[in-house]
Number of protein chains: 2
Amino acid sequence: MATLRDVAREAGVSVATASRAINGLGNVTAPTRAAVMAAVKKLNFVPHSGARSLTRRKTDTVGVILPDLFGEFFSEIIRGIDLVAHESGMHLLLGNMHGSTHETAAAIAAMRGRVDGLLVMPPDLKPELLADYLDPALPTVLLNYDAGSLDLPFVAVDNYRGAYAMTEALLAHGARQVIHIAGPKHNRDARDRQRGFVDAMAKIAKERSPVILPGDFSEESGEKAARLLVEGQLPADAVFAANDQMAVGLIAELARAGVSVPGDVMVAGFDDIPLARHLSPGLTTMQVNIDRLGSTGMMLLLRLLRGDALGAASATILTPNLIERGTTASAPGAARATAAAASPL
Amino acid sequence: MATLRDVAREAGVSVATASRAINGLGNVTAPTRAAVMAAVKKLNFVPHSGARSLTRRKTDTVGVILPDLFGEFFSEIIRGIDLVAHESGMHLLLGNMHGSTHETAAAIAAMRGRVDGLLVMPPDLKPELLADYLDPALPTVLLNYDAGSLDLPFVAVDNYRGAYAMTEALLAHGARQVIHIAGPKHNRDARDRQRGFVDAMAKIAKERSPVILPGDFSEESGEKAARLLVEGQLPADAVFAANDQMAVGLIAELARAGVSVPGDVMVAGFDDIPLARHLSPGLTTMQVNIDRLGSTGMMLLLRLLRGDALGAASATILTPNLIERGTTASAPGAARATAAAASPL
DNA sequence: GGCGACAGCGTAACCGGTTACAATGGCGAA
DNA sequence: TTCGCCATTGTAACCGGTTACGCTGTCGCC
């Protein structure tokens, strides 16, 4: 592989001149520049980005550290990031925490000297730990993580408000006994969604204390919840799953048990995964524009790189929006409410 | 940010000794090593990977260049690559051709000095062009691209055989009038699948010349094909779409037109996207393990990096496997064949 | 004609590590 | 005691670029 020295020799100039010519800086006469360019062509010279970034002290690369590299959430967030990064000529270096704290530390450490900034999404890491791992000198934006104490800019989804709105919508459709299927206990999104549900129930339907079934965001846990519902004869005329995945499992299992959706129970999810609209009936859900999580985060990071002093104050909160589909179609008449109270399933 | 020099000074040793201690090389006494490590801790030193890779002449990073960073295909392939790369402590640098030839060249050039090897998936690039862009000195594996003339190792999916097998299966289920919805004309996968279909039809059902409708892998083009079928009154008792996406659109539109699947027509797709099993009835399709495309490619690249001389001869061809679901459930009795011949839709 | 200003170019230091080679010193053997 | 060997450590070159600074020569001006 040809180096700059080779090019300089070939063109009969010094490395400094060759560098200037190649980078289009001033102080190079047209003939000299032409000679250098000819040498570049001839030797097939491509600048060595590694060496370049060493002196320039910038790499034109941002590190993206995600909990895993899997599924639609991942691809959408990357798409959003790339959209913005590409416009600014930035490259993406992928890091993966592989679910382990130790790996997370390693992934972050490995980024030093490779990237100009970091986009990190640490869904179940304590802020103090995170602070330990992060290099304060490296511009960093957190994705889907509100760590106000760290004073880092972040972009998050308003899960609380989304869940609140969804619960309201179910009640507005005439539901009286709404059951929530929660996500993993340690997961912030899951907790916020649960809070939103609980608060909405407390405020609007205060007569009853809300029922919450455990779940872990997986399809199987949705199925399990369905069995609990059916076998336990739990009174319910609507089920709000903390994510679509569980809603899908729930619906499948309910169908097997002969329970009709929305005839016997309404079902709602959260996320609006592509599958949601393809089910029949379509799944009512809160749409989260995951790509915007990525693109907004990347935009914040770019501002950080430009030198703006951004803290937690410049956080962006994305509000999800309600998508109503078939699984919450209102029952014909007010019969629902009374029937539900009697024997919902 | 602390540098190695800082650490050395703090520990009262030379940079060479500090480097050796940190990298666990021999020839360092325990006390010296301890002193260095203490300095590392104290100064919070993290080695600068950029500088390190400059001298080591390796970056522990592989470049992944894909046509786009979008959807399930992308996330699965990355997952497969990461699985293997992670085991070897390799990082992933993402490149995106954004659909343009010019961008492709830029993406490849930008990799020089940043990566030890390249994983490239150029679905609609001519081999000659590709050869121009690639650096012959940089170990490269092609994904889903058979460019025998370049003599590069590659890993591909046997689309031809998959389509052939699917067509056979449809015929075995009693279909007589099978229609194919093709993918984009310039796309290699699409062409191979079409060839497989045509050949299978020629061999097994030679009495009729196969009908092929145009498509572009999008859901909409599947819907369009459905309208052609219905409005054009095309005789068909089975439709084989070149990918699942189109099959999904097709089924949705057929449902709107009151055509029952598989009652009136059987439908089959290709790819086995997650949605396929969630449709009701489930979509019969050829399962392509996209993640294996990535993991196998990465394994080939690792061998290349280890110094093995691999050429096109070490290509791996992945055979997709048939997943039969509801959309091709055999009709009750032989009534189908005759009914179909009379008035299929 | 002599002066300074300035454009074009080259020399060499530097980015932050690694490592070949040389220097040092402790120890056992003669 | 002296020599040599070897393990430990230090010095400095190097990876492949960028760039501060200095040198040279041309030009305009007094």
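Chain letters run A, B, ... following the sequence lines, proteins first and then strands; every chain starts at 1.
- Across the interface with DNA chain D, nearest-nucleotide mapping of B:R57 and B:V28 shows B:V28 to be the residue nearer the 5′ end.
- For A:S314, there are no side chain to side chain donor-acceptor pair (under 3.5 Å) partners at least two apart in sequence or on another chain.
- Within the 4.5 Å cutoff, no side-chain heavy atoms of B:H48 are placed close to those of B:L4.
- Using a 4.0 Å heavy-atom distance criterion, B:R112 is classed as a sugar-phosphate-only contact.
- Nearest-nucleotide assignment on DNA chain C puts the 5′-proximal partner with A:A51, out of A:A51 and B:N23.
- Pairs engaging residues 37-57 of chain B under the salt bridge (charged side-chain N to carboxylate O under 4.0 Å, His left out) rule: B:E10-B:K42 [sequence neighbours left out].
- Among residue pairs with one or both ends in residues 309-318 of chain B, none qualify as salt bridge (charged side-chain N to carboxylate O under 4.0 Å, His left out); sequence neighbours excluded.
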Would you list the atom pairs, donor with acceptor, under 3.5 Å between side chains in residues 130-138 of chain B and any protein atom, with sequence neighbours excluded?
| from | atom 1 | to | atom 2 | distance (Å) |
| --- | --- | --- | --- | --- |
| B:D135 | OD1 | B:A137 | N | 2.8 |

Residues 116-123 of chain B side chain polar contacts: donor-acceptor under 3.5 Å, at least two apart:
| from | atom 1 | to | atom 2 | distance (Å) |
| --- | --- | --- | --- | --- |
| B:D116 | OD1 | B:T59 | N | 2.6 |
| B:D116 | OD1 | B:T59 | OG1 | 2.9 |
| B:D116 | OD2 | B:T59 | N | 3.1 |
| B:D116 | OD2 | B:D60 | N | 2.8 |

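- Counting only residues at least two apart or in different chains, salt bridge (charged side-chain N to carboxylate O under 4.0 Å, His left out) contacts with residues 11-32 of chain B are absent.
- Of the charged side-chain nitrogens involved, none lies within less than 4.0 Å of a carboxylate oxygen, so that A:D82 and A:R79 do not count as a salt-bridged pair.
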- Nucleic acid footprint by protein, nucleotides 19-25 of chain C - heavy-atom cut-off 4.0 Å, B for base, S for sugar-phosphate alone: B------
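- Computed from C1' positions of five pairs at each end, the angle between the two local axes of the helix from C:dG1-D:dC30 to C:dA30-D:dT1 equals 60°, rounded to 10 degrees.
- Nucleotides of DNA chain D with any atom under 4.0 Å from a heavy atom of chain B span, from 5' to 3', D:dT8 to D:dG17.
- Both A:R5 and A:T29 lie close to DNA chain C; mapped to their nearest nucleotides by heavy-atom distance, the more 5′-ward contact belongs to A:T29.
- If you check every strand for non-hydrogen atoms under 4.0 Å, A:S53 touches nothing.
- The salt bridge (charged side-chain N to carboxylate O under 4.0 Å, His left out) contacts involving residues 295-304 of chain A comprise A:R303-A:D308, where partners must be two or more places apart or lie in separate chains.
- Legend: ring-ring contact (aromatic ring centres under 6.0 Å, His included) pairs involving residues 50-87 of chain A, not counting sequence neighbours, sorted by first then second residue: A:F74-B:F74, A:H86-B:H98.
- For A:D271, the side chain to side chain donor-acceptor pair (under 3.5 Å) partners two or more places apart in sequence, or in a different chain, are A:R193.
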